[in-house]
Every structure is written in structure tokens, then in C-alpha cells.
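For ligands, and for the atoms within them, numbers begin at 1 and follow the listed sequence. Computed from heavy atoms alone, side chains included, the values below leave out hydrogens, waters and symmetry copies.
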Amino acid sequence: MNAETPADLPPLPAAFSALLDALIPPDARPRVEASYTSPKAVVFRVNPLRAREPATVLASLAPLQPEAVTGADGVYRLPATDRATLTHHPLCAEGSLYIQGVASMAAVWALDPQPGEAVLDLAAAPGGKTALIAARMGNQGRLAAVEPVRARFFRLKANLQRLGVRNAQLYLKDGAQVGRLVPGRFDRVLLDAPCSSQAQFTRLDPASWAHWSPRKVRASAVLQARLIRSAADALKPGGVLVYSTCSLSPEEDECVLDALLRERDDLTPESLPWPVDLPSLPGLTAWRGQPLHPGLALARRVLPTEWTDAFFLCRLRKRT
Ligand code: SAM
């Protein structure tokens with residue numbers, strides 16, 4: 001028997017397969033299914049805060065031959081077979097390169113932070129998005145990064161140091177308290193929320209879903225509801241809030257946003273800057289027979305494929 005054959009691999013959890021049935025159109029399904037049966041391509045970015053030209057960095061990677069990701073400056077892709085070599089490469093250790101999924105970068109592209117602004121990253125560890133925000137700000141302005149889990153906080157701190165981030169202040173804190181402590185303080189807020197984590201699922205390793213369950217989805221949604229209110233409170237009038245998760249479950253995505261939008265009328269969904277052709281679906285405007293805020297059609301659900309991870313993101317603007 002050939003253990004590499006998809007039919008021989010353990011099936012995805014039944015509740016997750018049912019979710020895919022409900023969400024993914026039939027023409028997209030084979031590509032999504034295939035993404036769970038083989039290792040993914042590895043995507044990385046050249047870190048401008050370490051002040052090396054992409055061309056110099058790429059030359060140092062030889063014999064690896066990265067392919068540029070169209071539409072994203074300084075972002076490259078390598079086959080899955082190069083992952084271990086890249087992960088252990090000295091350029092990663094010195095912070096010149098950072099391995100980061102392109103959907104994860106898209107959350108920062110959606111936030112569009114500018115030099116000199118006040119920016120809040122409300123759920124920051126291990127800091128991949130914080131570091132990209134700092135790079136986009138050119139290390140200028142104020143970047144607050146919040147993480148309540150001590151071990152993850154110290155990992156965040158070490159990562160930001162390695163990646164040359166100099167404008168971040170780190171807070172070991174529950175993000176749900178931040179909006180009350182500093183209301184209306186930030187030009188932009190990223191809430192890359194703790195979630196039931198479906199992005200890492202692979203049928204090559206059933207341990208990848210060992211901690212996932214529909215119950216975890218419900219528990220995550222409760223925490224997300226607290227955090228998004230705090231994020232909205234911390235935002236200045238006229239400011240931008242980006243909400244993202246690595247969960248495909250509408251209960252953690254559109255439903256969290258829908259509850260917020262029903263409660264307050266000072267936030268409006270906006271279209272997302274979308275520089276890279278990522279396989280994605282528009283956000284849902286109804287789920288399980290219940291209508292959701294029509295503006296959620298502007299959100300995006302990135303599909304898991306051979307080179308992208310499952311991801312959800314939505315951008316909101318606060319009224320001036
Ligand atoms: N943005 C990070 C990155 O790109 O590297 C990943 C963030 S991860 C999806 C979610 C983070 O939220 C985890 O580090 C988790 O420990 C943290 N978290 C959990 N509860 C939180 C809370 N109450 N307030 C803020 N962050 C929380």
C-alpha cells in the first residue's frame with residue numbers, strides 16, 4: 001500500500017469537512033482538498049529593516065532559486081522541498097529574511113500603516129505582522145504590541161529584536177482591556193485574533209487538528225467578541241481596523257463582525273487593498289439562514305491551496 005496516496009491518509013475531522021462543504025464552491029474544492037494532502041510551498045519576505053537589497057539577499061540564497069510573488073515587493077516563493085534549508089539558513093537567523101504566509105502579509109497590506117502614525121497590534125505574538133507593520137512604518141511612529149501569554153510575549157520580544165524593529169512598545173496584557181485604558185488613541189488597529197487555528201491542518205499529520213473542535217470554535221468566538229470591542233474602542237475617529245483570523249468558520253469571522261456592526265453604527269466595512277492574486281471568496285452576508293451585515297461582502301476568505309493558508313480578513317473604518 002502506498003501511504004502517499006490521498007485515499008490512504010487520515011480524513012479531515014468530519015465537522016471541518018462539513019464546513020468546507022458549506023463554504024467552498026464545487027469548482028474550487030479539488031484544489032482546496034489537494035492542499036491538505038501535500039506540503040505547501042514556502043513564502044518569505046526580505047526584511048528592509050535589516051537594510052540589505054533584495055538582490056543581494058537572493059544572491060546569498062544560491063543554489064536556492066526563489067520565484068518572485070507578483071504584486072508584492074520583496075516577497076518570494078520556494079518549493080516545499082526547500083523549506084528546511086531556508087528555515088535553517090543564516091539569513092533567517094540574522095533577520096534578513098522572514099518566512100511568512102502571504103495571507104498573513106495581506107492583513108498588514110490591508111491595514112496600510114504609515115510612517116509617523118500610532119498603530120496598535122492587539123494580539124501580536126510571535127510578531128510576524130508586528131514586524132511587517134514596523135517595516136511599512138520605516139520604524140517611524142508609535143507601534144504598540146500586546147500579548148498576554150508570557151512565553152509568547154518573550155518570543156515576540158526576541159523576534160522583533162532580531163528583525164530590527166525599533167519603534168515598538170510591548171505590553172504583557174489582556175487585549176480586551178486596552179480599549180478601555182486608551183480609548184480613541186490609535187490611527188490603525190490590527191486584531192489578528194486568537195482563533196481555533198485551522199490554517200495548519202494537514203492530512204499528512206493528524207496531530208495538526210488535535211486541539212481543534214466545534215467547541216473550540218465557539219470558545220474562540222467569545223474571546224474574539226471581547227477583543228474586537230476593545231480594538232474598536234482603541235481606534236481614533238477616521239481610523240482603520242483590520243480583523244483577521246486563520247479560521248474559516250463564519251462563527252469566528254463574519255458573525256463576530258456582524259455582532260459588532262449591529263451594536264455600533266460608527267464602523268463601516270471597506271474594500272481591501274488586494275495587490276496579489278490570492279485565491280479567495282468574498283465574505284458571507286448570510287450564514288445558517290441568518291442574514292449578516294451586507295458590507296461583510298467586502299471581507300475576504302483566503303482559500304487554502306498549494307501555496308496559501310486558510311485566512312479571513314476584513315477592514316473597517318471608524319466614522320470621523
Ligand atoms: N499576529 C501574530 C503574528 O502575525 O505573528 C499572530 C497572533 S495569534 C493568531 C493570536 C495571539 O493572540 C496569540 O499569540 C495569543 O496568545 C494571543 N492572545 C490570546 N488571548 C489574548 C488576549 N486576551 N489579548 C490579546 N492577545 C491574546
Between Arg155 and Glu147, does any NZ, NE, NH1 or NH2 come within less than 4.0 Å of an OD or OE carboxylate oxygen? no
Closest approach of any protein heavy atom to atom 24 (N) of ligand 1, naming residue and atom: Gly175 N, 2.9 Å
Which of the numbered atoms in ligand 1 are under 4.0 angstrom from any heavy atom belonging to Gly127? 3 (C), 5 (O)
Cys246 heavy atom under 4.0 Å from ligand 1: no
Side chain, backbone, both or neither: which part of Ala193 comes within less than 4.0 Å of ligand 1 when only heavy atoms are counted? backbone
Charged N-O contact under 4.0 Å between Asp121 and Lys129: no
Can you report which non-hydrogen protein atom sits closest to atom 16 (O) of ligand 1, along with the distance? Glu147 OE2, 2.7 Å
Among all the protein's non-hydrogen atoms, which is closest to atom 23 (N) of ligand 1, and how far away is it? Asp174 OD1, 2.8 Å
Side chain, backbone, both or neither: Val149 near ligand 1, heavy atoms under 4.0 Å: side chain
Which residue supplies the protein heavy atom nearest to atom 4 (O) of ligand 1, what is that atom called, and how far is it? Lys129 NZ, 2.9 Å
Give the residue and atom name of whichever protein heavy atom lies nearest to atom 12 (O) of ligand 1, and the separation in Å to one decimal. Ala123 CB, 3.3 Å
Are Arg218 and Glu251 close enough for a salt bridge, meaning some N to O gap below 4.0 Å? no
Nearest non-hydrogen contact to atom 14 (O) of ligand 1 from the set Arg226, Arg152, Gln224 belongs to Arg152
Atom 25 (C) of ligand 1 - nearest protein heavy atom and its distance: Leu122 O, 3.2 Å
Report the residue from Leu120, Leu122, Val240, Ile133 that forms a side-chain contact (heavy atoms from CB on, under 4.5 Å) with Leu190. Ile133
Side-chain heavy atoms under 4.5 angstrom apart, residues restricted to Ile, Leu, Val, Met, Phe, Trp, Tyr: same cluster for Val102 and Leu303? no
Return the orientation label for the Phe201 and Tyr36 ring planes: parallel under 30°, perpendicular over 60°, tilted otherwise. tilted
Are the charged groups of Arg229 and Asp233 less than 4.0 angstrom apart, N to O? no
So for atom NZ, which belongs to Lys318, do other residues, nucleotides or ligands contribute more than 12 heavy atoms lying within a distance under 6.0 Å? yes
In the protein, which heavy atom is nearest to atom 19 (C) of ligand 1, and how far is it? Pro194 CG, 3.6 Å
Note: Asp112-Arg315 ion pair, threshold 4.0 Å (strictly below): no
Going by the closest heavy atom to atom 6 (C) of ligand 1, which one wins out of Gly128, Ala125, Ala124? Ala125
What residue and heavy atom of the protein are closest to atom 26 (N) of ligand 1, and at what distance? Pro148 CD, 3.2 Å
